[in-house]
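Before any comments, here is the structure.
Letters A, B, ... are given to chains in the order of the sequence lines, protein chains preceding strands, and every chain is numbered from 1.
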Amino acid sequence: MPELPEVEIIRRHLDAELRERTIRKVRIRRRDLVLNLPTVRALAGKLEGRRICRVDRRGKNLLFRLDGEAVLQIQIRMTGRFALGRRRPDVAIYRHIVAIFELDDGRNLYYDDVRRLGGFRWLEPEEWAALDRSLGPEPLAASFTARRLETVLEGTRAPIKNALLDQRRIAGIGNIYASEVLFRARIHPERAGGSLETREIAALHRSIRTVLRDALQAAGTTFRDFRAVNGRSGSYQHSLSVYGREGEPCRSCGRAVERSVQAGRSTFLCASCQK
DNA sequence: CTTGTACCCTGACCGC
DNA sequence: TGCGGTCAGGGTACAA
């Protein structure tokens, strides 16, 4: 899925379009889409008749704030996407629609997810508060300082790449941006998180914010599946320094970009630029 | 506590 | 053309 910038692009569209809309009817076609209620009907029953007050984001989670304080948490994970309209969206792009929300303005919100790794969770206010507490800081918030990052990494023996992917430490970074951020900060992904010096932490902090902001500016990265609500792709894939560039020359020194595996996932790096 | 691994699911792609 | 292996913006349960 989509990481923070992609989810934020989706959130902006959804918030602009869904605010103050009431959900008339919900059709969920796959049982496994509902993560914390016994049946599809149980979730649909809770949602129908509710007004969407706002669409928020926390890390990679989308949050529909509903009247009565409850929250619909949506994790789109690897391949979830949305489309909005009176009629079904282009089948060439949206061929696995697994949920449809009928709205009071006659439009439908379509949720499409090929791999069905994503899902919906109904959260009562205290459950949302617990989820919020379990996630690390928002990297683009003003309160996310280099000092905060240092605290989060203190005493960590896990490799810095793994630590960046851990949503309890920092919320929103995924596999693409973890590699990109470390390249920009010139830090080797295998370094233990707790071994970074203060000036390296400062560089990492700056890189996290720059990379995520630039990606947001470019409407996200479309490596394979990501689409905004209007069906458009992002363009940050053209700006990637290392991700997906195994064997190609490092943009900084020319040495071939290497691929390795950490925690079962690909890491891309330049072994001469990153120490 | 922390860290690593298997697994969820489908489709695209590569080499034989 | 078909088949098997590998890989994919993620997260969770469970084991060590």
Side-chain angles (χ1 to χ4, degrees), chain A residues 1-11 29-36 57-62 73-82 91-98 111-121 130-131 134-136 139 152-182 189-195 208 211-212 214-216 218-228 233-247 259-268:
Chain A
M1 132 181 154
E3 308 180 29
L4 187 154
E6 293 76 29
V7 178
E8 177 60 18
I9 291 295
I10 292 172
R11 185 204 70 77
R29 298 224 261 256
R30 307 300 293 236
R31 168 68 197 80
D32 55 13
L33 202 58
V34 180
L35 301 177
N36 72 338
R57 178 191 59 73
R58 180 78 171 87
K60 304 173 197 171
N61 298 284
L62 285 165
Q73 176 200 4
I74 301 181
Q75 290 186 319
I76 64 178
R77 303 222 187 158
M78 301 287 260
T79 52
R81 5 158 118 150
F82 290 96
V91 244
I93 301 171
Y94 297 87
R95 48 175 81 176
H96 301 276
I97 292 169
V98 287
Y111 177 70
D112 177 284
D113 192 348
V114 198
R115 293 174 66 186
R116 302 204 316 277
L117 297 174
F120 300 165
R121 232 180 237 123
L131 170 68
S134 74
L135 293 169
V152 147
L153 295 176
E154 233 157 41
T156 307
R157 286 197 305 264
I160 183 62
K161 158 90 177 333
N162 301 222
L164 290 176
L165 292 178
D166 184 347
Q167 303 300 296
R168 293 166 306 181
R169 298 176 193 272
I170 308 172
I173 297 176
N175 207 39
I176 291 181
Y177 299 119
S179 282
E180 291 298 309
V181 154
L182 288 167
E190 296 282 359
R191 291 272 304 283
S195 76
I208 289 170
V211 168
L212 295 180
D214 288 354
L216 198 47
T221 300
T222 297
F223 205 74
R224 314 168 101 87
D225 302 298
F226 170 67
R227 297 287 175 146
S233 306
S235 62
Y236 195 73
Q237 61 276 15
H238 306 300
S239 305
L240 295 173
S241 298
V242 286
Y243 188 88
R245 299 192 60 242
E246 182 181 12
R259 173 182 174 272
S260 68
V261 174
Q262 290 181 268
R265 320 198 54 195
S266 291
T267 297
F268 295 88

Note to self: At 4.0 Å (heavy atoms only), tell me whether Arg259(A) reaches a base, stays on the sugar-phosphate, or touches nothing.
What the structure shows: sugar-phosphate
Next item on the list: Remember a base hit wins even if backbone is also touched, and classify Arg169(A) as base, sugar-phosphate or nothing at under 4.0 Å, heavy atoms.
Entry: sugar-phosphate
Note to self: Let's test this: given Watson-Crick or G-U wobble pairing with both distances under 3.5 Å, identify the partner of dC3(C).
What the structure shows: dG15(B)
Notebook entry, point to check: Has Ser266(A) got a side-chain N or O lying under 4.0 Å from the OP1 or OP2 atom of dC7(C)?
Noted result: no
Check: Please give, in whole Å, the distance from dG11(C) P to Ile173(A) CD1?
Finding: 12 Å
Notebook entry, point to check: Can you tell me how far C1' of dT5(B) sits from CD of Gln262(A), to the nearest Å?
Noted result: 15 Å
Checklist line | Toward the 5' end of DNA chain C, by each residue's nearest nucleotide, Arg115(A) or Arg121(A) | finding: Arg115(A)
Notebook entry, point to check: Starting at CG of Asn61(A) and ending at P of dG10(C), how long is that distance when rounded to a whole Å?
Noted result: 12 Å
Margin query: Atom CZ of residue position Arg29(A) - does it have more than 12 heavy atoms of other residues, nucleotides or ligands inside 6.0 Å?
Written below: yes
Note to self: Strictly below 4.0 Å: does Arg116(A) bring a side-chain N or O up to OP1 or OP2 of dT10(B)?
What the structure shows: yes
Notebook entry, point to check: In terms of the nearest nucleotide of DNA chain C, which residue is placed more toward the 5' end: Gln73(A) or Val261(A)?
Noted result: Val261(A)
Check: Can you tell me how far P of dC8(B) sits from CG of Leu33(A), to the nearest Å?
Finding: 18 Å
Notebook entry, point to check: Where do Asn61(A) and Leu135(A) land on the side chain to side chain contact (heavy atoms under 4.5 Å, CB included) test, with the steps shown first?
Noted result: CA-CA 10 Å; Asn61(A) 298 284; Leu135(A) 293 169; 3.8 Å; yes
Check: Once you round it to whole Å, what is the distance between P of dG10(C) and CZ of Phe223(A)?
Finding: 12 Å
Item checked: N/O (side chain, His96(A)) to phosphate O (OP1/OP2, dC9(B)) under 4.0 Å -> no
Notebook entry, point to check: Tell me: CD of Gln75(A) to C1' of dC8(B), nearest whole Å?
Noted result: 13 Å
Check: Can you find a donor-acceptor pair, distance only, under 3.5 Å between Arg224(A) side chain and dA12(B) base?
Finding: no
Check: Are Ser266(A) and Arg259(A) close enough that a side-chain donor and a side-chain acceptor fall under 3.5 Å?
Finding: yes
Next item on the list: Mind checking Asp113(A) for me? I need base, sugar-phosphate or nothing, with any heavy atom below 4.0 Å counting as a touch.
Entry: nothing
Notebook entry, point to check: Looking across every strand, which nucleic acid part, if any, lies under 4.0 Å from Ala263(A) by heavy atom: base, sugar-phosphate, or nothing?
Noted result: nothing
Notebook entry, point to check: Which is it for Tyr177(A) and Ile208(A) under the side chain to side chain contact (heavy atoms under 4.5 Å, CB included) test, yes or no, and what are the steps along the way?
Noted result: CA-CA 8 Å; Tyr177(A) 299 119; Ile208(A) 289 170; over 6 Å; no
Next item on the list: Using a heavy-atom cut-off of under 4.0 Å over every strand shown, decide if Arg157(A) touches base, sugar-phosphate, or nothing.
Entry: sugar-phosphate
Check: Going from CG on Leu131(A) to CD on Gln167(A), what distance comes out if it is rounded to the nearest 0.5 angstrom?
Finding: 11.0 Å
